[in-house]
Amino acid sequence: MHALRLDALRLGARRLDAATPASRDRAVDALRALAILGVVLGHWLVTALVAQDGALHTESPLGHRPSLAPVSWLFQTLAVFFLVGGHVATRSLATAQTRGHSYGHWLRARMARLLRPVTALLALWTVTAAALLLGGTPLATVHSLVKLALSPLWFLLVFAALTAATPLVARLNPLWPLAVVLHVDLLRFGLHVGPSWLGWTNLAAGWLVPYTLGAAWARGELRSRRSARALLFGGTAATALLVGCAGYPASMVGVPGAAVSNLNPPTLAAVTFGLAQCGLALSLRDRLRRAAARPLVWAAVALVNLSAMTVFLWHQTAMMATTATGLVAGRLPGLHTAPDSLLWVAYRLAWLPVFAVALALCLAAFRHRERGPRRTRRRSSRVVHRHLPPRKSPHHA
């Protein structure tokens with residue numbers, strides 16, 4: 001039975017591989033899948049809902065053990081997602097213009113794929129929050145849960161705004177938004193002047209840097225190994241100097257209770273770290289293409305890409321559903337206990353497969369929202385259908 005299932009899986013993977021156009025750059029899809037999975041695993045590893053005093057509140061193992069900061073270097077992969085987003089949007093817009101489609105038509109199609117899954121998330125958590133409050137759940141617990149569940153929306157809103165601005169920023173030199181981030185941080189941390197909201201300028205400028213790098217990649221630039229290595233080593237050196245000499249946090253994700261966060265809003269260190277990530281991603285393109293040429297690997301990459309937004313939006317909900325369900329059995333280590341030891345990390349790693357199962361259930365329930373309603377096909381005459389010549393496969397064309 002197991003052998004039959006494995007054979008069916010391999011057959012399906014080979015069919016998907018054969019149906020994929022030869023012109024498709026599989027490295028782009030592989031990078032998007034890695035970026036999404038990196039964010040998901042990072043959140044699951046550094047976010048803890050601790051049960052204390054009859055309520056749940058958010059903590060992070062990075063707050064208790066700063067030596068774990070390198071974990072954030074591995075799993076904070078947002079810059080790669082913006083790199084791929086800029087690349088795909090620029091190419092997609094150029095293709096739409098070639099076909100005679102208007103900017104409005106192109107934008108509506110892009111926004112539908114991005115924002116359609118959001119409605120289900122908002123609806124579920126509106127009902128859940130109301131039910132919890134009516135059931136007497138402490139307000140602090142409801143606030144922690146809702147904030148965690150809806151936290152992916154900030155990223156989606158910024159990504160949607162940059163996508164809409166693609167015609168304006170597609171040819172923008174990445175040095176311009178990088179200069180904005182540099183000057184904002186100089187005012188904030190160097191001179192300690194300016195309004196409190198000034199740092200939030202970096203929310204657009206910071207992520208515009210990898211987005212415009214992706215646009216440059218789509219234009220045919222950044223193809224050489226030299227440019228990829230320049231980004232990788234230059235970004236790494238700049239980040240090391242900022243963390244080691246300028247006092248920026250070593251963690252590339254937010255830590256509850258920390259005075260400064262590298263992500264809320266993005267700092268210069270987060271942007272230079274993103275440059276290093278983009279350089280690494282660009283240097284791995286050839287290897288990723290070769291790996292994705294294998295049918296089973298490509299099937300896995302395609303599966304993640306088909307539900308990328310659903311995975312991103314629902315992964316925190318899957319973790320919280322597991323945490324809430326586990327409360328029935330009491331305070332479980334790695335799930336409800338304080339993340340103040342390496343033993344907690346070991347327990348949390350053991351919980352990751354359970355989170356993945358919960359996320360798979362969310363995908364089964366909500367992934368249709370991302371793909372949208374199925375188009376009804378016009379029924380053709382049976383006579384016409386039976387006498388149409390068989391369509392040639394790509395191998396026999």
Side-chain angles (χ1 to χ4, degrees), residues 20-21 23-36 38-39 77-118 152-178 180 203-223 227-228 231 266 271 274-275 277-279 281-282 285 288-289 292 301-302 304-313 370-372:
T20 302
S23 59
R24 190 174 187 91
D25 189 350
R26 301 189 183 194
V28 175
D29 297 278
L31 285 173
R32 184 192 290 113
L34 289 174
I36 287 292
V39 171
T77 52
L78 287 174
V80 177
F81 199 95
F82 278 99
L83 172 77
V84 173
H87 174 83
V88 172
T90 302
R91 293 193 61 180
S92 173
L93 179 59
T95 302
Q97 291 173 340
T98 302
R99 294 176 178 175
H101 295 162
S102 67
Y103 164 74
H105 178 273
W106 171 83
L107 184 61
R108 284 192 296 271
R110 302 294 297 179
M111 292 298 106
R113 178 68 186 271
L114 281 177
L115 302 180
R116 193 186 296 117
V118 174
L153 294 184
W154 75 261
F155 155 83
L156 197 59
L157 291 175
V158 175
F159 191 82
L162 294 184
T163 300
T166 298
L168 300 176
V169 303
R171 292 192 173 275
L172 182 67
N173 192 309
L175 291 177
W176 288 109
L178 179 61
V180 172
L203 190 60
W207 298 120
L208 191 54
V209 174
Y211 194 87
T212 51
L213 282 173
W217 174 18
R219 295 195 304 268
E221 304 172 18
L222 304 177
R223 290 186 176 181
S227 59
L231 287 171
V271 175
L275 290 176
Q277 283 187 318
C278 291
L282 292 172
R285 284 173 294 184
L288 289 174
R289 289 188 189 103
V301 169
V304 174
N305 277 271
L306 283 173
S307 304
M309 283 296 101
T310 306
V311 170
F312 182 78
L313 289 174
E370 181 170 355
R371 300 180 185 181

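From a predicted model like this one, the values you see are computed outputs, not experimental measurements.
Taking the side chain as every heavy atom from C-beta outward, Leu34 and Leu288 approach each other to under 4.5 Å. Residues Thr77 and Ile36 are not in side-chain contact: their nearest non-hydrogen atoms beyond the backbone lie 4.5 Å or more apart. In this structure, the side chains of Trp176 and Leu208 stay at 4.5 Å or more apart for every pair of heavy atoms. The closest side-chain heavy-atom distance from His87 to Val28 is below 4.5 Å.
Here the closest heavy-atom approach between residue Ala96 and residue Trp106 is recorded as CB-CD1, 3.8 Å. Nearest heavy-atom pair across Gln277 and Ala79 is OE1-CB, 3.6 Å. When all heavy atoms are compared, the tightest approach of Leu172 to Pro177 is CD2-CD, 4.0 Å. When all heavy atoms of Leu107 and Ala164 are compared, the pair lying nearest together is CD1-CA, 3.7 Å. Contact record, Thr163 with Arg110: CG2-CB, 4.2 Å, taken as the closest heavy-atom pair. Residues Gly206 and Val271 share a closest heavy-atom pair of CA-CG2, 3.7 Å.
Dense packing is recorded around CZ of Arg289, with more than 12 heavy atoms of other residues, nucleotides or ligands lying under 6.0 Å away. The 12-atom threshold is not exceeded at NE2 of His105, counting heavy atoms of other residues, nucleotides or ligands nearer than 6.0 Å.
Ion pair Asp29/Arg32 flagged as a salt bridge, since at least one NZ, NE, NH1 or NH2 atom sits closer than 4.0 Å to an Asp/Glu carboxylate oxygen.
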What's the verdict on side-chain contact (heavy atoms from CB on, under 4.5 Å) for Arg171 and Arg219, showing C-alpha distance, side-chain angles and the deciding distance? CA-CA 9 Å; Arg171 292 192 173 275; Arg219 295 195 304 268; 3.3 Å; yes

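With 3.5 Å as the limit, one finds a donor-acceptor pair spanning the side chains of Tyr211 and Thr166.
Between Phe312 and Phe155, the ring planes are tilted. Angles from 30° to 60° get that label. Aromatic ring orientation, Trp154 versus Trp207: tilted (interplanar angle from 30° to 60°).
Proximity of a side-chain donor or acceptor of Arg285 to a complementary backbone N or O of Leu282 within less than 3.5 Å is detected.
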